[in-house]
Structures are given as structure tokens and as C-alpha cells.
Amino acid sequence: MSCTYAYRFKFVTIGDAGVGKSCLLLQFTDKRFREVEDLTTGVEYGACVVAVDGKNTKLQIWDTAGQEAFRCITRSYYRGNAACLLVYDITRRETFFNHLASWLEDATQHASARMTIILIGNKCDLSHRRVVSYQEGEQFAKEHGLLFMEASAKTAHNVEKAFILAARTVHKKI
Ligand code: GDP
């Protein structure tokens, strides 16, 4: 795809360590999956030009890359961002039931109220190990006014769709 673009949006990823934030980013930008956990290749930034409603749009995505250990991410991380991908792992209850609300609070406290937030239930290829139902994810999103999708960074299911849905929502706000 041509690298000229009409719009440029900044995105950030948040959520517990190990939920697959770096892998989602890598799958979206490079169309590949990193099987083995290797912190040295943790992605911190990726960019991709996609067509959103017929307009080439550059998405610049920053990954927390380890900062989630501190949970409270600094205000500067959120500054100027159009969208936030809030990620949990459908096979780990604590990433949804215990920690999601505090991630959301962090984002809504530090970011602009205009920021689009999409909730992503990742690792949906592991449905045999699922402990968070689709309906629970959907309900949380509804209650907090978030977009929602389940995805898999491994199979690429819904990965591009999730980024494009978020970008389309950002487009509509400008
Ligand atoms: P992060 O700490 O949130 O950035 O998580 P990573 O992207 O480093 O992923 C953590 C682990 O989960 C790695 O071992 C990945 O290979 C694995 N992983 C990430 N996404 C998926 C997925 O969609 N399906 C499966 N089966 N494993 C995944």
C-alpha cells in the first residue's frame, strides 16, 4: 500500500503483562505471530497504513512494553492519543475480573475524554481454556461505553478489524 496518507492517529495499548499486547501489535503491523516469550524483542512501537472508509490512515501504535509492571502509567503515555486498546486474556480471569477496571480508570483519568477505547479479549484461539465468556466482555464494554471485540494475535482473527473499528470511530469524531 502507498505510504501517503490522509490521516494519522496515535494509538496506545494497555492491560496486564502477558495478555498479548505486543503480539497484537506485531500481528497488525507485520502479519506474524511471536510464539516464544522473548522480552528482548518486545515491540514498543509499530505503524501501519490502512484504508478506513476509503481514506488511507496511518496508525502509530505505542505498546506499554513492560511498563504495566507499574500499573499506573504516566500521563505522558496517554497524551495526544486518539485511541486506546485495553486488552485482557480470555484464559486468565484476573486480567479481566481483577484488573480491567483499574486500567480503565487509569486511562480515563489521564487521557482526553474524546479518546476512543476498544476492549479486546485476546487469545480467542484458546477457547478450550476460556474462563471469561464473550457475554462478560460485551457487558463490561457496554457498561463503560467501550467498543468490544474478541481477537487472536496467533491466528490474526479480528486483529485488523479491531484496529480498523477503532480508527473508524476516531474518524467519526473529527
Ligand atoms: P504482553 O506482555 O501483553 O505484550 O504480551 P505478549 O504479546 O508478550 O504475549 C504474552 C504471551 O502470550 C506470549 O507467549 C505470546 O506468544 C502469547 N500470546 C499472545 N497472543 C496470543 C494469542 O492470541 N493466542 C495465543 N495462544 N497465545 C498468545
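Just so we're clear, the structure is a prediction, and the values are computed from it rather than from any experiment. Both ligands and their constituent atoms are indexed starting at 1 by order of listing.
Neither the backbone nor the side chain of Leu24 comes within 4.0 Å of ligand 1, counting heavy atoms alone.
Listed by atom number, the atoms of ligand 1 under 4.0 Å from Ala153 heavy atoms are 20 (N), 22 (C), 23 (O). Of all atoms in ligand 1, listed by their number and element, those nearer than 4.0 Å to a heavy atom of Asn122 are 20 (N), 21 (C), 23 (O). In summary, the atoms of ligand 1 found under 4.0 Å from a heavy atom of Cys23, numbered by their order in the structure, are 7 (O), 9 (O), 15 (C), 19 (C), 20 (N). Within ligand 1, counting atoms from 1 as listed, the ones closer than 4.0 Å to a heavy atom of Lys21 are 1 (P), 2 (O), 3 (O), 4 (O), 5 (O), 7 (O). Close approach to Ala17 involves these atoms of ligand 1, each under 4.0 Å from a residue heavy atom: 2 (O). Listed by atom number, the atoms of ligand 1 under 4.0 Å from Leu126 heavy atoms are 26 (N).
Residues Phe148 and Phe140 keep their aromatic ring centres 6.0 Å or farther apart. Centroid-to-centroid, the aromatic rings of Tyr88 and His99 stay 6.0 Å apart or farther.
Using a 4.0 Å heavy-atom cutoff, Asp16 is listed among the residues neighbouring ligand 1.
Using modelled atom types and a 3.5 Å distance limit, the side chains of Trp103 and Asp16 yield a donor-acceptor pair.
Side-chain contact between Tyr45 and Asp63: absent, with no pair of heavy atoms (C-beta onward) separated by less than 4.5 Å. Contact annotation: the side chain of Leu119 never approaches that of Leu147 to less than 4.5 Å [non-hydrogen atoms, C-beta and beyond].
Annotation: the span from Leu24 atom CG to Ile120 atom CD1 amounts to 5.5 Å, rounded to 0.5 Å.
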